[in-house]
Amino acid sequence: GDSVTQMEGPVTLSEEAFLTINCTYTATGYPSLFWYVQYPGEGLQLLLKATKADDKGSNKGFEATYRKETTSFHLEKGSVQVSDSAVYFCALSAFLKAAGNKLTFGGGTRVLVKP
Amino acid sequence: DSGVTQTPKHLITATGQRVTLRCSPRSGDLSVYWYQQSLDQGLQFLIQYYNGEERAKGNILERFSAQQFPDLHSELNLSSLELGDSALYFCASSVADGGSYEQYFGPGTRLTVT
């Protein structure tokens with residue numbers, strides 16, 4: 001079945017540091033890929049998405065490129081802020097007529113940015 | 001604010017009881033999804049409805065059921081509750097039924113079974 005693997009946290013960084021969170025996937029067909037962010041005590045917010053190979057999703061300084069050859073969708077940000085402290089989830093949606101388009105999530109990576 | 005609303009925000013109940021969680025999707029969204037988030041299982045897909053019809057089932061226990069009403073709001077019913085059912089339950093919605101459509105999540109209902 002479909003699966004998503006992302007690096008375990010916590011990842012602790014200083015403000016203005018470079019952030020990378022690795023994400024790899026296994027899926028049938030051609031999935032769409034997503035990054036969601038969960039701030040403490042809140043629901044999941046869509047951060048960015050990519051729907052086909054070589055697409056780059058970007059939002060709020062975060063970027064991720066859909067790499068079909070390495071089945072990866074790594075999240076990057078050039079200069080993190082304290083407000084980026086959260087849990088980040090990589091997810092895929094592989095639409096199958098018989099199975100809808102559920103999201104399959106990775107385990108989440110907690111990021112802590114210190115001033 | 002995603003536009004997806006969930007009630008109640010918190011629910012505390014005893015083992016063996018039954019509860020109902022409610023979700024209103026974003027205006028215009030036809031698909032509703034339910035997910036469970038727990039420390040040991042992570043985020044797990046439970047069930048999807050599209051325009052009132054069940055579309056897909058995931059790791060949903062037989063004690064759990066859901067439905068989507070004509071006004072597109074959805075309810076998740078959890079019965080014969082066990083301690084292990086304590087979790088955060090999220091509802092999400094999307095405009096249609098396709099893999100490229102992003103899902104927007106509500107704030108969740110935190111269920112505590114004592």
Side-chain angles (χ1 to χ4, degrees), chain A residues 1-9 23 25 27-53 55 57-59 64 66 73 86-110, chain B residues 1-7 9-10 21 23 25-26 29-51 53-60 66 68 87-110:
Chain A
D2 299 343
S3 67
V4 176
T5 303
Q6 58 183 108
M7 57 191 289
E8 287 192 27
C23 170
Y25 68 89
T28 51
Y30 302 96
S32 293
L33 301 173
F34 305 85
W35 277 100
Y36 282 85
V37 58
Q38 186 176 29
Y39 297 101
E42 297 185 14
L44 282 80
Q45 296 179 24
L46 177 65
L47 187 56
L48 53 84
K49 76 171 190 180
T51 59
K52 61 183 188 298
D55 264 3
S58 60
N59 185 26
Y66 189 142
F73 192 54
V87 181
Y88 293 81
F89 291 93
C90 184
L92 70 83
S93 177
F95 178 69
L96 296 171
K97 280 196 170 180
N101 57 303
K102 65 174 185 177
L103 285 170
T104 299
F105 287 92
T109 302
R110 182 175 301 276
Chain B
D1 184 351
S2 67
V4 179
T5 60
Q6 288 187 249
T7 57
K9 194 163 186 177
H10 300 278
L21 282 51
C23 166
R26 292 187 322 156
D29 283 1
L30 297 178
S31 264
V32 168
Y33 312 78
W34 287 96
Y35 294 87
Q36 179 193 61
Q37 184 178 34
S38 62
L39 283 175
D40 53 344
Q41 302 273 11
L43 271 159
Q44 299 268 322
F45 167 72
L46 295 178
I47 196 163
Q48 177 195 355
Y49 278 82
Y50 176 72
N51 204 18
E53 300 288 325
E54 183 184 299
R55 185 69 183 85
K57 263 186 173 178
N59 299 322
I60 188 166
Q68 186 180 27
L88 202 46
Y89 291 84
F90 287 111
C91 167
S93 72
S94 66
V95 64
D97 186 28
S100 63
Y101 294 107
E102 51 265 39
Q103 295 179 26
Y104 293 90
F105 282 72
T109 294
R110 182 170 295 281

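Sequence lines set the chain letters: A, B, ... in the order given, protein chains first and strands last, and positions in each chain run from 1. No hydrogens, no waters, no symmetry mates; every other heavy atom, side chains included, goes into these values.
Tested against B:Pro25, the residues B:Cys91, B:Ser94, B:Ser93, B:Ser2 include a single side chain to side chain contact (heavy atoms under 4.5 Å, CB included) partner, B:Ser93.
Only the side chain of A:Gln38 comes within contact range of chain B, with at least one heavy atom under 4.5 Å from a heavy atom of that chain. Interface residue B:Leu88: only side-chain heavy atoms are found under 4.5 Å from chain A. In this structure, chain B has a heavy atom under 4.5 Å from the side chain of A:Leu46, while its backbone stays farther away. Using a 4.5 Å cut-off between heavy atoms, B:Gln37 touches chain A through its side chain atoms alone. With a 4.5 Å cut-off on non-hydrogen atoms, A:Tyr30 does not touch chain B at all.
Between the NZ atom of B:Lys57 and the CD atom of B:Gln48 there is a distance of 13.5 Å, given to the nearest 0.5 Å. A distance of 12.0 Å separates CG of A:Leu44 from CH2 of A:Trp35, quoted to the nearest 0.5 Å.
Side chains of A:Ser93 and A:Phe34 form a contact here, defined as non-hydrogen atoms less than 4.5 Å apart.
Ring centroid separation for the pair B:Tyr35 and B:Phe45 comes in under the 6.0 Å cut-off.
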